[in-house]
Amino acid sequence: MRLSHYFLPILRETPKEAEIVSHRLMLRAGMLRQEASGIYAWLPLGFRVLKKIEQIVREEQDRAGAIELLMPTLQLADLWRETGRYDAYGPEMLRIKDRHERELLYGPTNEDMITEIFRAYVRSYRDLPKNLYHIQWKFRDEQRPRFGVMRGREFLMKDAYSFDIDEAAARVSYNKMFVAYLRTFARMGLKAIPMRAETGPIGGDLSHEFIILAETGESGVFCNKDVLELPVPGADVDYDGDLTPIIRQWTTLYAATEDVHDGARFEREVAPEKRLHTRGIEVGQIFYFGTKYSVPMKAVVSGPDGADHPVHGGSYGVGVSRLVGAIIEASHDDAGIIWPETVAPFKVAILNLKQGDAATDGACEQLYKALTAKGVDVLYDDREERPGAKFATADLIGLPWQVLVGPRGLAEGKVEVKRRADGSRELMSPADAIARLSA
RNA sequence: CGGGGUAUAGCGCAGUCUGGUAGCGCGUCUGGUUUGGGACCAGAAGGUCGCAGGUUCGAAUCCUGCUGCCCCGACCA
């Protein structure tokens with residue numbers, strides 16, 4: 001993509017409404033535009049990141065055996081009345097009437113609907129287990145939206161719903177999602193720590209929040225430093241095998257958010273030099289809720305005994321749009337964003353440091369065409385700007401690699417390849433740069 | 001939902017107290033000189049001063065009502 005043809009409205013100054021760093025940087029980098037409190041338009045650069053994150057989530061859900069579908073954003077109020085949630089939910093739920101005065105709502109979640117779909121078709125335990133998910137926009141009318149996409153009212157979420165014949169089987173489904181989440185966040189360059197979460201009225205120990213550590217996080221967290229070094233399961237993990245060793249490994253070391261923190265236990269179990277107290281952002285949550293929806297909604301299957309059994313369910317959320325902000329919170333410096341390569345909107349920026357000069361123009365064109373031909377996502381800064389402005393823009397939008405092409409290097413037949421993450425630079429021939437960046 | 005702010009050009013702000021026909025920086029446009037960390041010179045465009053009503057000869061400025069947005073708290077993927 002040539003920057004001169006792209007739509008990248010960079011802001012030089014920080015809009016005053018942005019309080020936290022990810023929000024500031026998303027606005028400054030031309031990723032996002034606020035249309036109303038907690039409601040945003042995703043500009044091209046931001047949209048690319050959103051799609052990258054979404055795709056990683058999708059691939060890991062699929063790998064774990066979940067099946068993608070797509071449910072609507074609008075739901076009938078009557079569906080929610082079956083579970084009593086229409087009245088229970090409160091003003092966070094956006095309620096709408098259509099032209100026939102039928103009551104609708106903009107879905108804040110989809111347990112009711114997926115249960116309705118499930119019960120319409122599935123009759124036998126032989127069809128279980130099933131895990132169905134979708135990636136869809138949700139709306140929760142937060143009293144006070146803030147922090148940009150970290151806590152918007154409209155947000156993109158992956159939510160999966162598992163169905164099993166009994167609690168033991170449901171635990172297996174739960175563990176699959178647990179492992180899938182470890183992989184999902186690791187692929188985005190994040191250290192996500194599963195922390196035991198409140199389970200509400202259902203009880204039990206089957207709920208975890210996945211928290212990433214960030215100084216600017218919304219809640220305080222306490223954990224054993226060793227949890228940061230635990231191995232993430234590889235792509236070859238056998239989801240049909242026994243996952244309990246992985247679960248045990250990841251749930252043994254102390255890790256808790258401040259609302260469930262047990263100071264005495266923390267000091268008893270964790271050596272002083274291993275204690276870590278910092279802040280974190282929740283990016284995912286997994287939850288076993290048993291027959292909470294299947295009983296009132298009569299979602300039952302025939303068991304091997306010939307009797308009807310209400311299915312045991314679980315739900316598994318990932319805040320896809322929130323992750324864009326969370327990744328920035330975890331990965332930035334004073335100059336701007338530092339994208340992990342897996343979610344970067346483009347992999348490489350080419351900076352033409354002397355636009356209009358035949359030699360630099362030519363070298364940039366060759367690099368751009370060669371990298372593009374090899375399938376590398378390249379953003380070529382071909383604007384009529386001074387070098388300083390191009391450096392500042394490239395650092396701000398945080399692409400993992402910058403190729404600096406100017407008369408100084410070209411005099412020796414070299415271009416400079418700069419890694420955004422650590423600022424390291426290396427002079428090399430254009431051919432070597434192409435080989436390096438398309439590897 | 002309680003408390004506190006704020007609304008003036010694309011962005012950041014001054015002007016409001018003390019009413020008199022709107023200004024600064026950045027950005028944008030034109031021309032020129034520049035070109036390795038956000039250049040310089042000259043010129044130009046761009047604003048129903050959030051909305052509605054009121055007071056006044058005259059309102060960005062005073063009064064009333066409304067709305068948007070932000071911050072703190074409670075709440076939350």
Side-chain angles (χ1 to χ4, degrees), chain A residues 9-20 23-24 27-28 30 33-39 57 89-93 107-110 135-160 181 192 197-198 200 207-212 218-219 257 259 280-287 315-326 334-336 351-357 359-361 381 383-396 402-411 414-416 418 423 425 427:
Chain A
I10 298 281
L11 302 179
R12 197 159 165 173
E13 291 176 84
T14 302
K16 63 174 178 180
E17 75 268 16
E19 185 69 9
I20 63 166
H23 192 193
R24 282 204 303 268
L27 293 171
R28 287 199 53 217
R33 174 161 182 87
Q34 177 163 320
E35 291 297 336
S37 181
I39 299 177
V57 171
Y89 217 89
E92 269 198 349
M93 187 156 71
T109 179
N110 284 73
I135 299 171
Q136 177 63 292
W137 292 92
K138 308 281 193 294
F139 194 91
R140 292 185 192 170
D141 199 357
E142 298 283 349
Q143 292 168 358
R144 190 185 161 206
R146 62 182 123 174
F147 304 147
V149 299
M150 299 273 290
R151 190 176 170 194
R153 291 193 291 173
E154 187 181 48
F155 56 97
L156 186 62
M157 183 176 175
K158 184 286 299 184
D159 40 326
Y181 277 31
E198 308 254 24
S207 181
H208 288 87
E209 292 179 348
F210 285 73
I211 305 274
I212 68 165
E218 66 219 315
S219 50
T257 58
D259 17 306
I281 301 165
E282 184 187 342
V283 290
Q285 143 273 321
I286 59 178
F287 192 63
S315 67
Y316 315 90
V318 171
V320 176
S321 50
R322 157 176 277 209
L323 271 165
V324 181
D334 290 343
L351 277 59
N352 186 338
L353 299 182
K354 191 167 183 181
Q355 197 70 38
D357 177 275
T360 55
D361 286 0
D381 191 345
R383 297 173 303 165
E384 295 288 345
E385 289 286 349
R386 294 173 59 84
K390 296 193 177 186
F391 290 134
T393 296
D395 287 347
L396 174 62
Q402 298 172 15
V403 184
L404 315 183
V405 183
R408 189 192 291 174
L410 287 180
K414 301 283 179 68
V415 297
E416 201 168 352
K418 173 184 165 186
R425 300 155 177 243
L427 276 171

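Numbers restart at 1 for each chain; the letters A, B, ... are given by sequence-line order, proteins then strands.
- At the phosphate of B/rC71, OP1 or OP2 sits under 4.0 Å from a side-chain N or O atom of A/Arg144.
- Of the charged side-chain nitrogens involved, at least one lies within less than 4.0 Å of a carboxylate oxygen, so that A/Glu416 and A/Arg425 count as a salt-bridged pair.
- Heavy atoms of A/Leu404 sit under 4.0 angstrom from at least one base atom.
- For the P atoms, the distance linking B/rU61 with B/rC17 amounts to 9 Å, nearest Å.
- When the nucleotides B/rA74, B/rC70, B/rU35 are ranked by their closest atom to the side chain of A/Lys354, B/rU35 comes out on top.
- Nucleic acid contact for A/Glu13: base, since at least one base atom lies under 4.0 Å from a heavy atom of the residue.
- Judged as a side chain to side chain contact (heavy atoms under 4.5 Å, CB included), and not counting sequence neighbours, the contacts of A/Arg144 are A/Arg146.
- The separation of B/rU16 from B/rU55, taken at their P atoms, amounts to 25 Å, rounded to a whole angstrom.
- With a cut-off of 3.5 Å on both Watson-Crick or G-U wobble distances, the partner of B/rA74 is given as none.
- Heavy atoms of A/Glu209 sit nowhere under 4.0 angstrom from any nucleic acid atom.
- Among B/rC75, B/rC69, B/rU35, the nucleotide with an atom closest to any side-chain atom of A/Arg151 is B/rC75.
- Nearest-nucleotide positions on RNA chain B place A/Phe391 closer to the 5' end than the other of A/Phe391 and A/Glu142.
- OP1 or OP2 of B/rC70 lies within a sub-4.0 Å distance of a side-chain N or O belonging to A/Ser37.
- B/rU8 and B/rA14 are spaced 11 Å apart, taking the P atom of each and rounding to whole Å.
- Between B/rC76 and A/Gln285, no contact under 4.0 Å exists linking OP1 or OP2 to a side-chain N or O.
- Nucleotides B/rA7 and B/rG15 are separated by 10 Å at their P atoms, to the nearest Å.
- Between A/Arg408 and B/rG36 there is no side-chain polar atom (N or O) within less than 4.0 angstrom of OP1 or OP2.
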(message) Apply side chain to side chain contact (heavy atoms under 4.5 Å, CB included) to residues A/Gln285 and A/His208 and explain how you reach the verdict.
(response) CA-CA 6 Å; A/Gln285 143 273 321; A/His208 288 87; over 6 Å; no
